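Numbers here are sequence positions counted from 1. As the structure is a computational prediction, the values presented were derived from the model and not from experiment.
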Amino acid sequence: MEEIARVYSEALFEVAKEKGDLDRVREELAEFADALESDRDMQVFFFSPYFHTAEKREAIGKAISGASEEFVNFLELLIEKHRMPVVFRIRRQFEEMWKREVTLTSAIELDPEIARKVGEEIEKQTGQTVELTNRVDDGILGGLVLQVGNMVLDASIRNRLEKLRKSVAQAA
């Protein structure tokens, strides 16, 4: 079961990452898993072989209207392959991958050696292997923004200027 969960969670993670919807898909997966965990009737319906795949797919369409296309397709695949009972393990593994996802944003393209050193330092601090993604956003003006899972360290000039503006506004 763990291997099946790993394969499915990695697939969902990669698709969500490609589409730039990692946080949204993470939230949708968490909401769905929580709802499923708290509703025994829902579990019986989605886990039972007595209900047809078509019925389950229709229920997914109604239950999670407004969800991302990637997530809806993923749940439909789980239903089709009769893997819905693994959804809780998929969520756990998805969360672990999400925590290891690190985004380093800078105003200019960073030297690969600097980015590598930042990644190594994060691994040393967290005790986990991380996957570092570099982004360039000239809107931050300078400095760095580091996002590790749901934690953000904003050492950008834009952020500093915004803090200065707020403190001047409060002093006035």
Side-chain angles (χ1 to χ4, degrees), residues 1-37 64 66-78 81 83-170:
M1 284 290 230
E2 283 301 316
E3 183 63 18
I4 291 168
R6 185 189 59 75
V7 169
Y8 279 92
S9 61
E10 285 176 357
L12 179 61
F13 190 86
E14 290 305 315
V15 168
K17 187 175 172 183
E18 266 178 37
K19 301 280 185 174
D21 270 350
L22 203 51
D23 291 336
R24 179 179 178 189
V25 169
R26 174 185 171 259
E27 189 175 302
E28 291 169 347
L29 178 59
E31 286 176 15
F32 181 77
D34 287 345
L36 191 58
E37 190 172 38
I64 61 168
S68 65
E69 184 180 348
E70 301 86 29
F71 186 62
V72 172
N73 291 342
F74 177 75
L75 290 179
E76 289 177 350
L77 178 66
L78 289 180
K81 301 291 183 182
R83 300 288 193 211
M84 190 57 83
V86 185
V87 75
F88 304 115
R89 290 179 184 186
I90 291 170
R91 177 192 183 183
R92 239 185 347 267
Q93 292 194 4
F94 191 96
E95 282 292 323
E96 287 302 313
M97 287 185 284
W98 184 79
K99 288 177 186 173
R100 289 190 305 262
E101 186 70 17
V102 176
T103 304
L104 181 62
T105 305
S106 58
I108 59 170
E109 188 70 36
L110 288 178
D111 180 324
E113 183 62 20
I114 292 172
R116 185 186 65 74
K117 286 181 181 179
V118 168
E120 287 176 356
E121 186 61 30
I122 293 167
E123 287 178 351
K124 193 167 92 177
Q125 294 290 325
T126 63
Q128 294 183 333
T129 304
V130 298
E131 185 176 325
L132 185 69
T133 303
N134 289 318
R135 282 188 40 225
V136 174
D137 178 1
D138 59 1
I140 68 169
L141 304 176
L144 298 171
V145 177
L146 185 65
Q147 180 176 356
V148 182
N150 62 351
M151 295 184 335
V152 177
L153 170 65
D154 191 342
S156 66
I157 292 175
R158 179 182 65 197
N159 186 47
R160 290 180 189 161
L161 288 172
E162 182 62 24
K163 286 180 180 177
L164 179 63
R165 183 192 67 77
K166 285 180 181 177
S167 66
V168 168
Q170 285 178 351

Exercise. Going from CG on Leu12 to CD1 on Ile90, what distance comes out if it is rounded to the nearest 0.5 angstrom?
Worked result: 8.0 Å
Seminar exercise, completed: Residue set satisfying salt bridge (charged side-chain N to carboxylate O under 4.0 Å, His left out) with Arg91, at least two apart, ordered chain then number -> Asp34
Exercise. Which pair of heavy atoms, one from Ala5 and one from Arg89, lies closest together, and at what distance?
Worked result: CB-CB, 3.6 Å
Exercise. Is there a side-chain contact between Leu29 and Val87 (heavy atoms, below 4.5 Å)?
Worked result: yes
Problem set entry | From Gln93 atom CD to Glu3 atom CD, the distance as rounded to the nearest 0.5 Å | 8.5 Å
Exercise. Can you check whether Val25 reaches Val15 side chain to side chain, under 4.5 Å on heavy atoms?
Worked result: no
For this session: Could you tell me which non-hydrogen atom of Arg83 sits nearest to which non-hydrogen atom of Ile4, and how far apart they are?
Result: NH1-CD1, 3.6 Å
Exercise. Is there side-chain contact between Phe88 and Leu36, with heavy atoms separated by less than 4.5 Å?
Worked result: yes
Exercise. Of all heavy-atom pairs between Ser106 and Leu144, which one has the smallest distance, and what is that distance?
Worked result: CB-CD2, 3.6 Å
Exercise. Does the side chain of Arg26 reach to within under 4.5 Å of the side chain of Leu22, using non-hydrogen atoms?
Worked result: no
Problem set entry | Heavy-atom closest pair, residues Thr129 and Arg100 | O-CD, 2.9 Å
For this session: Keeping the roles fixed (side chain from Asp154, backbone from Asn159), state whether a donor-acceptor pair exists under 3.5 Å.
Result: no
For this session: Compare all side-chain heavy atoms of Tyr8 with those of Phe74 and state whether any distance is below 4.5 angstrom.
Result: yes
Problem set entry | Contacts of type salt bridge (charged side-chain N to carboxylate O under 4.0 Å, His left out), residue Glu96, not counting sequence neighbours | Lys99
Problem set entry | Distance in Å, Phe13 CZ paired with Glu70 CD, rounded so as to fall on 0.5 Å steps | 13.5 Å
Problem set entry | N-O pairing of Arg6 and Glu10 below 4.0 Å | yes
For this session: Starting at CE of Met97, measure out to CZ of Arg92 and round the result to the nearest 0.5 Å.
Result: 12.5 Å
For this session: Name all residues meeting the salt bridge (charged side-chain N to carboxylate O under 4.0 Å, His left out) criterion together with Glu18; count only those two or more places apart in sequence or in a different chain, and write none if there are none.
Result: none
Exercise. Any salt bridge (Lys or Arg N to Asp or Glu O under 4.0 Å) pairs touching residues 127-138, not counting sequence neighbours?
Worked result: Lys17-Glu131
For this session: Give the intermediate values and the outcome of side chain to side chain contact (heavy atoms under 4.5 Å, CB included) for residues Leu164 and Arg160.
Result: CA-CA 6 Å; Leu164 179 63; Arg160 290 180 189 161; over 6 Å; no
Problem set entry | Smallest separation among heavy atoms of Ala107 and Ile140, with atom names | N-CD1, 3.6 Å
Problem set entry | Over 12 non-hydrogen atoms of neighbours within 6.0 angstrom of CD in Glu69 | no
Mind listing the side-chain donor-acceptor pairs of residues 114-123 below 3.5 Å, one per line with the distance, residues two or more places apart or on another chain?
unit_1	atom_1	unit_2	atom_2	d
Arg116	NE	Glu113	OE1	3.2
Arg116	NH1	Glu120	OE1	3.1
Arg116	NH1	Glu120	OE2	2.1
Arg116	NH2	Glu113	OE1	3.4
Arg116	NH2	Glu113	OE2	2.3
Glu121	OE2	Gln125	NE2	2.9
Glu123	OE2	Val130	N	3.2

Exercise. Between atom CD1 of Ile108 and atom CG of Leu110, what is the distance when rounded to the nearest 0.5 Å?
Worked result: 6.5 Å
For this session: Could you verify whether a donor N or O on one side chain and an acceptor N or O on the other, from Glu101 and Gln147, lie under 3.5 Å apart?
Result: no
For this session: Could I get the full list of salt bridge (charged side-chain N to carboxylate O under 4.0 Å, His left out) partners for Arg24, not counting sequence neighbours?
Result: Glu28
Problem set entry | Test log, rule side chain to side chain contact (heavy atoms under 4.5 Å, CB included), inputs Leu78 and Val86 | CA-CA 9 Å; Leu78 289 180; Val86 185; 5.9 Å; no
